[in-house]
Amino acid sequence: TLRNHVIKAATFEGRTRKQVVSDELVEFHRTVAGGGVAMSTVAYCAVSPEGSTDGRTIVLRPDAVPGLRRLTDAIHHEGAAASAQIGHAGPVANPMATKLPALGPTRIFVPLTMRRTRAATEADILRITEEFAAGARLAAEGGFDAVEVHLGHNYLLSSFLSPKLNTRDDRWGGSVENRSRFPR
């Protein structure tokens with residue numbers, strides 16, 4: 001139950017330079033919650049280092065939980081609920097910053113980074129599915145009341161939905177049912 005119908009959407013805050021919660025991020029969301037919103041959504045928490053956009057987003061791992069708890073406690077203290085947007089950047093990840101190859105449903109060229117992605121293997125898909133589950137559990141442990149799964153902007157899950165980006169011919173590509181299997 002929320003105190004009203006106003007929800008702060010997940011928008012880039014630019015306050016997680018070291019992949020963990022900072023004092024500036026806590027103050028930003030505390031101020032938003034103190035302003036009367038019903039729920040403040042913390043933007044982009046990667047489910048793995050590989051899923052980070054540019055190496056400056058929160059990565060949901062056990063050592064992040066104390067900071068997440070501090071953040072959600074501040075939001076709750078102001079009377080609002082806290083939501084975490086979780087996701088995997090996939091093709092949008094910047095391999096120069098993350099030091100890991102960007103993944104896509106297939107090998108695709110990404111103009112943003114001027115590089116090609118690595119096609120996700122069956123093992124990658126199963127691993128990342130587990131990382132989403134673990135990320136959601138860590139968000140709950142960190143005190144979040146809700147999670148929002150990032151399913152847009154050509155990030156990994158939305159890229160699997162795209163018939164232009166996903167040209168696979170296995171159970172993860174082709175029909176709408178197959179392309180939506182991973183996101184579901």
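Legend: residues meeting side-chain hydrogen bond (donor to acceptor under 3.5 Å, both in side chains) with Glu24, ordered by chain and number and at least two apart, are Ser22. Partners of Asp63 under the side-chain hydrogen bond (donor to acceptor under 3.5 Å, both in side chains) rule, at least two apart in sequence or in another chain, are Arg61. Applying the salt bridge (charged side-chain N to carboxylate O under 4.0 Å, His left out) criterion to Arg179, with sequence neighbours excluded, gives no partner residue. In terms of the side-chain hydrogen bond (donor to acceptor under 3.5 Å, both in side chains) criterion, residue partners of His153 (sequence neighbours excluded) are, by chain and number, His150. Applying the side-chain hydrogen bond (donor to acceptor under 3.5 Å, both in side chains) rule to Arg181 yields the partners Asn178; only residues at least two apart in sequence or on another chain are considered. In this structure, the salt bridge (charged side-chain N to carboxylate O under 4.0 Å, His left out) partners of Arg168, at least two apart in sequence or on a different chain, are Asp170.
Every pair passing side-chain hydrogen bond (donor to acceptor under 3.5 Å, both in side chains) that includes a residue from residues 25-37 is listed here, sequence neighbours excluded: Glu13-His29, Glu27-Arg30, Glu27-Thr31, His29-Ser40, Arg30-Glu78. Sorted by first and then second residue, the side-chain hydrogen bond (donor to acceptor under 3.5 Å, both in side chains) pairs involving residues 42-52 (not counting sequence neighbours) are Ser48-Glu131, Glu50-His88, Glu50-Arg127, Ser52-Thr57. For the ring-ring contact (aromatic ring centres under 6.0 Å, His included) condition, the pairs that include at least one residue of residues 160-184, sequence neighbours left out, are Phe160-Phe182.
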Side-chain polar contacts of residues 132-143 - donor-acceptor pairs under 3.5 angstrom, sequence neighbours left out - could you list them?
none

N/O donor-acceptor pairs under 3.5 Å from side chains in residues 101-110, not counting sequence neighbours:
from: Thr106; atom 1: OG1; to: Leu165; atom 2: O; distance (Å): 2.7
from: Arg107; atom 1: NH1; to: Thr117; atom 2: O; distance (Å): 3.4

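Val20 belongs to no hydrophobic cluster, as no Ile, Leu, Val, Met, Phe, Trp or Tyr side chain comes under 4.5 Å of its own.
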